[in-house]
Amino acid sequence: MSIPSKSYDVVVVGGGIAGVAAAIQAARCGLKTALVEKTVLWGGLATTGLVNIYLPLCDGYGTQVSYGLCQELIQHCNDFGPGGVSPCWKKEHGASHDAKRYRTDFSPASYILSLDQMITEAGVEPWLDTVVTGARLSQGKISALTVENESGTVLLKAKRFVDGSGSAVLARRLGMKIHTTKNYRSIWVYETNKGKMLMHYGPIGVSPKASDLYSDDVLKAAGYATRESLGQDTVEGISGKIVTDYIMGTRRCVREFYRECYEKKGESRSEHFPVKLPAMNQLRMIAAIDAPTMMKDGGEWTPAKDSVGMVADWRKSGYVWEVPYSSLYAKDGPSNLLFAGRCMGAIGDAWDVMRVIPCAAVTGQAAGLAAAVSLKHRVQPKALAYSTLEKELRKLAIPLHFEELGLKCPF
Ligand SMILES: Cc1cc2nc3c(=O)[nH]c(=O)nc-3n(C[C@H](O)[C@H](O)[C@H](O)COP(=O)(O)OP(=O)(O)OC[C@H]3O[C@@H](n4cnc5c(N)ncnc54)[C@H](O)[C@@H]3O)c2cc1C
């Protein structure tokens, strides 16, 4: 029996922030674009994973460094909910700002509604509840992806593909080289306590005693390896078993926490209870592709001759990076495949800089644009002349180099 198929110009794998940005950009370039997401929600870790902080677009000293869809996506994340960026960031380009960083908290549910709207308005064809299971190769290129949903198996054919899966699923399925690293445990719970809904995660907002969730005593009592015994309470890899153990272990810690609240502290179950748990694994750094240019430790303030935009280190002020186009495709592998988001080519501390929401948006938009421009110029993404891509990035008014914003290393 032949497998039913559909044809597109671009197919994007994964509806996280990187995939959404890639698909919106490709569709805005007039390409027939499919966005395939295995859950029923857009946003990936940012929404399904309950992460609710859009980290900064600025350098920490008052200068915005990330533009384009990264800015659109932050401006829309509170359309259906409370909060928003500090009003000082709504001033004109280049205006001076106060000390507040260009970031915001958001409600994941609200953000999903905004993403529905942005995807629809861009003309992206959505495939929800659909998992990408493999890729078909022909003459060094991907010709189609196999996807599964309730209708069965479908072939999605396209000329360009973007992997925004967060875990480099296409690279792994195709046996391409990847880089992995260790992850530490996250315990993320939205709960209500005495009528107050807390939109925060484990160690900060769940309750004054939430740090208990992380303590070795709680882990030990729950029968799990402790940070002490494991060094950092880390896991590496993404096998079904590793992910299952990681999630079950995390939730057991949460159970122990609530049990203690009720049994030892006498709290009321009707007043203090969990409302929502993450619906995807909270591994931070799963797989990075092996790119011609790997973003590496100490690379801040290093000019990239093929920069697609800039990002700031979310952890500290004054560290700005130019993001190379040559980090968005693999050294070896299909010539029509781009990567975006946290599976791009970055390792070590640079990976920690690049794995967050604004960077996913910057790299997603660049990958979507590169897919469109390479198609228009009839070259494969790997062979796309940077000057051609640069011209299109400039049309989108995206600053590419430090000096364009008058930025210098402050140290
Ligand atoms: C605990 C934790 C806290 C964090 N805190 C913050 C924070 O405060 N602020 C911040 O900016 N960042 C934070 N991050 C990082 C950030 O949220 C993510 O790294 C970022 O959102 C990644 O975006 P992405 O689009 O690259 O990947 P993902 O968000 O992982 O999106 C990938 C999408 O692809 C889908 N997918 C995967 N495989 C397939 C397949 N085979 N078929 C179809 N679909 C598939 C997934 O379902 C998912 O929707 C945090 C991360 C973690 C784990």
Side-chain angles (χ1 to χ4, degrees), residues 11-23 34-57 66 70 73-74 77 101 103-106 108 111-112 115 126-135 145-149 156 162-173 183-189 199-205 214 235 238 243 246-247 250 278-288 311-315 328 339-344 346 351-365 367:
V11 172
V12 178
V13 181
I17 297 301
V20 164
L35 178 59
V36 188
E37 168 54 44
K38 70 179 173 185
T39 70
V40 297
L41 307 172
W42 307 118
L45 268 174
T47 57
T48 316
L50 298 187
V51 167
N52 68 315
I53 306 165
Y54 203 122
L55 286 168
L57 279 62
S66 303
C70 182
L73 284 162
I74 198 172
C77 70
R101 288 199 79 170
R103 44 146 284 159
T104 185
D105 293 6
F106 57 86
Y111 201 11
I112 292 161
L115 295 175
W127 287 71
L128 285 173
D129 207 17
T130 303
V131 62
V132 173
T133 53
L145 300 182
T146 46
V147 304
E148 299 273 343
N149 59 24
L156 298 187
V162 178
D163 183 339
S165 65
S167 58
V169 67
L170 292 181
R172 289 184 297 108
R173 292 289 161 113
N183 282 282
Y184 52 96
R185 189 177 293 285
S186 295
I187 301 174
W188 211 272
V189 184
M199 298 287 295
H200 293 293
Y201 58 91
I204 293 177
Y214 272 105
V235 285
I238 192 179
V243 172
Y246 176 84
I247 293 170
T250 303
M280 65 185 276
N281 78 64
Q282 290 199 315
L283 298 172
R284 285 171 171 76
M285 305 180 221
I286 300 167
V311 296
D313 191 324
W314 53 279
R315 302 160 305 178
L328 304 185
F339 292 83
R342 62 191 171 123
C343 58
M344 63 168 297
W351 201 353
D352 216 15
V353 172
M354 291 307 299
R355 71 179 175 83
V356 296
I357 295 171
C359 306
V362 166
T363 56
Q365 178 169 27

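Every number for a ligand or one of its atoms is a count from 1 in the order of the listing.
Counting atoms of ligand 1 from 1 in the listed order, those under 4.0 Å from a heavy atom of V36 are 43 (C), 44 (N). Residue-ligand proximity, G166 to ligand 1, at heavy-atom distances under 4.0 Å covers atoms 27 (O), 30 (O), 32 (C). Near A18, with a cut-off below 4.0 Å to any heavy atom, the atoms of ligand 1 are 25 (O), 26 (O). Within the listing of ligand 1, atoms 43 (C) sit less than 4.0 angstrom from a heavy atom of T130. For ligand 1, the atoms lying closer than 4.0 Å to a non-hydrogen atom of L55 are 7 (C), 9 (N), 10 (C), 11 (O), 12 (N). For ligand 1, the atoms sitting less than 4.0 Å from at least one non-hydrogen atom of G341 are 26 (O), numbered in the order shown with element in parentheses. Counting the atoms of ligand 1 from 1 in the order shown, those under 4.0 Å from a heavy atom of G14 are 33 (C), 34 (O), 35 (C), 44 (N). Atoms of ligand 1 lying under 4.0 Å from at least one heavy atom of M280, given by number and element, are 30 (O).
By heavy-atom distance, the residue among A340, S165, G44 lying nearest atom 32 (C) of ligand 1 is S165. Of the listed residues (R284, E37, R173), the one carrying the non-hydrogen atom nearest atom 47 (O) of ligand 1 is E37. The closest heavy-atom contact to atom 18 (C) of ligand 1, among the options R355, M344, R172, comes from R355. Taking each of I74, I357, T48, L50 in turn, the one with a heavy atom nearest to atom 21 (O) of ligand 1 proves to be I357.
No donor-acceptor pair under 3.5 Å is formed between the side chain of S165 and the backbone N or O of D163. Panel note: side chain T130, backbone N149; no donor-acceptor pair is recorded below 3.5 Å. With T48 contributing its side chain and M280 its backbone, the two residues share no donor-acceptor pair below 3.5 Å. In terms of modelled atom types and a separation under 3.5 Å, the side chain of R342 and the main chain of I286 share no donor-acceptor contact.
Note: Y111 and Y54 have tilted aromatic rings, judged against thresholds of 30 and 60 degrees for the angle between ring planes.
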Does the pair R284 and D352 meet the rule for a salt bridge (Lys or Arg N to Asp or Glu O under 4.0 Å), with working shown? CA-CA 9 Å; R284 285 171 171 76; D352 216 15; 5.8 Å; no
Check against side chain to side chain contact (heavy atoms under 4.5 Å, CB included), L50 and V189: CA-CA 8 Å; L50 298 187; V189 184; over 6 Å; no
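The minimum heavy-atom distance linking A312 with R101 is given by the pair CB-NH2, 3.9 Å.
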For residues 15-23, run the donor-acceptor check on the side chains, cut-off 3.5 Å, and write out each pair with its distance to 0.1 Å, sequence neighbours left out.
none

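Contact annotation: the side chain of M354 never approaches that of W314 to less than 4.5 Å [non-hydrogen atoms, C-beta and beyond].
Residue contacts with ligand 1: V51 is placed with no nitrogen or oxygen under 3.5 Å of a nitrogen or oxygen of the ligand (distance criterion only). Checked against a 3.5 angstrom limit, the closest N/O atoms of G19 and ligand 1 fall outside it. For Q282, no nitrogen or oxygen atom sits less than 3.5 Å from a nitrogen or oxygen atom of ligand 1, counting backbone and side chain alike.
When heavy-atom distances to ligand 1 are checked against a 4.0 Å cut-off, V131 comes that close through both its backbone and its side chain.
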